[in-house]
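One structure below.
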Number of protein chains: 2
Amino acid sequence: MLRLSRLTDYAVVALVRLGRSDGVATTPGIAAAIGIPEPTVAKVLKALTCAGLVLSTRGAHGGYRLSRPLAGISIAEVIVAIDGPIALTSCVDGAVGCESQSLCPMAGRWDPVNSAIRDALTNITLADMEDAAIPRAFRVAAPVPVNEEI
Amino acid sequence: MLRLSRLTDYAVVALVRLGRSDGVATTPGIAAAIGIPEPTVAKVLKALTCAGLVLSTRGAHGGYRLSRPLAGISIAEVIVAIDGPIALTSCVDGAVGCESQSLCPMAGRWDPVNSAIRDALTNITLADMEDAAIPRAFRVAAPVPVNEEI
DNA sequence: CCGATTGTGGACTAAGTTGGTCCTGATTGC
DNA sequence: GCAATCAGGACCAACTTAGTCCACAATCGG
């Protein structure tokens with residue numbers, strides 16, 4: 001299925017959410033807003049902090065905020081932050097442990113594929129996804145339309 | 001990790017192998033050639049047959065052969081044959097069952113990403129991968145000059 | 001200075017998926 | 001008729017993922 005982890009999906013939602021809140025946002029706040037259990041959101045945000053995509057402030061009145069605008073964050077970065085390096089097979093570049101590495105006829109075979117995927121993902125930013133996410137016909141050049149009922 | 005199943009990897013190896021054998025190749029033959037357990041190879045070949053990428057002949061002296069030259073088979077086809085449709089999230093186009101579908105702020109969000117990936121994978125053929133797979137310096141007169149040292 | 005709020009870090013458990021095996025048939029050629 | 005080969009499915013084991021929980025550190029407000 002070539003699927004990435006659900007956590008990455010959550011990360012994108014959380015990031016877009018952060019892009020809409022002006023100040024800092026707390027874990028419970030984000031969790032409630034996007035309908036994902038709080039500890040899971042915390043886990044995702046922790047990973048994003050480590051990757052430098054969001055900045056955290058500890059203590060009371062703390063929370064998270066974006067380190068860059070959404071347009072400056074590529075999907076590839078999010079995936080790497082949550083899922084680890086982008087490589088379709090476990091048998092990547094310098095990876096050791098491929099049991100039949102010597103006679104493995106596909107050594108290096110996937111490299112061009114990996115590169116192609118990486119390129120594709122690097123060229124899509126969170127801002128692009130935010131645009132694509134709104135299925136309604138309402139969308140009219142609003143820069144940050146926080147149109148979420150409920 | 002955005003990884004695809006190992007079975008897909010096997011499929012590529014098996015297909016490339018089939019591209020080199022002139023006549024038909026049997027399951028045990030391929031299994032021995034590429035160093036993968038026989039039942040597993042059989043499973044992969046069955047899936048490839050269903051997808052129409054290889055043709056099977058039953059009975060004694062039967063076996064498998066490519067339905068098209070390697071250059072006419074894209075990676076995307078192989079992945080679809082083995083792993084199913086290419087979609088990074090379970091929450092695809094018309095997919096139902098996304099529990100929070102109504103308030104899910106990312107409905108349709110991944111579509112551009114999926115398309116980008118699909119395009120990238122469609123533009124790479126098995127022939128390309130075969131070229132990339134040979135680490136030796138023997139390769140001469142390659143039509144597509146993949147100049148990657150090591 | 002103390003307590004409430006919030007992020008940090010790790011361990012742990014449970015569930016789902018994948019990979020691999022096996023068995024029983026159906027088909028073809030000798 | 002027998003051997004070789006593909007077809008199709010059921011089945012089990014192992015790994016990965018995702019979700020939860022707990023104890024701790026930091027900051028702010030009173």
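Order of the sequence lines fixes the chain letters, A, B, ..., with proteins taken first and strands second; residue numbering starts at 1 for each chain.
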Do the side chains of [Y] and [X] get nearer than 4.5 Å, heavy atoms only?
| X | Y | result |
| --- | --- | --- |
| A:Val54 | A:Arg65 | no |
| A:Val41 | A:Tyr10 | no |
| B:Leu121 | A:Val113 | yes |
| A:Tyr64 | A:Thr49 | yes |
| B:Leu4 | A:Trp110 | yes |
| B:Val78 | B:Asp83 | no |

Nearest to the side chain of [X], which nucleotide is it out of [options]?
| X | options | value |
| --- | --- | --- |
| B:Pro39 | C:dT21, C:dG7, D:dT20 | C:dT21 |
| B:Leu7 | D:dA18, C:dG20, D:dA7 | C:dG20 |
| B:Pro37 | C:dT8, D:dT17, C:dT21 | C:dT21 |
| A:Ser56 | D:dT20, D:dC6, C:dG7 | C:dG7 |

Write out a two-atom table: protein N or O, nucleotide N or O from nucleotides 26-30 of chain C, distance below 3.5 Å.
unit_1: C:dA26; atom_1: N3; unit_2: B:Arg58; atom_2: NH2; d: 3.2
unit_1: C:dT28; atom_1: O2; unit_2: B:Ala60; atom_2: N; d: 3.0

Looking at A:Glu38 and A:Lys43, is any side-chain nitrogen of the basic one under 4.0 Å from a carboxylate oxygen of the acidic one?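 No, this pair does not count.
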Where along residues 41-50 of chain B does a heavy atom come under 4.0 Å from DNA chain C, residue by residue in number order?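 Within residues 41-50 of chain B, the residues near DNA chain C are B:Lys43.
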Atom CD1 in B:Ile82, atom CD in B:Glu77: separation rounded to 0.5 Å?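 Going from the CD1 atom of B:Ile82 to the CD atom of B:Glu77 covers 12.0 Å.
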Nearest-nucleotide wise, let me know which of B:Glu38 and A:Thr27 is further upstream toward the 5' end of DNA chain C.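 It is A:Thr27, whose closest nucleotide lies nearer the 5' terminus.
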Rounded interatomic separation in angstrom, taking CG from B:Leu4 and P from C:dT18: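 These atoms are roughly 11 Å apart.
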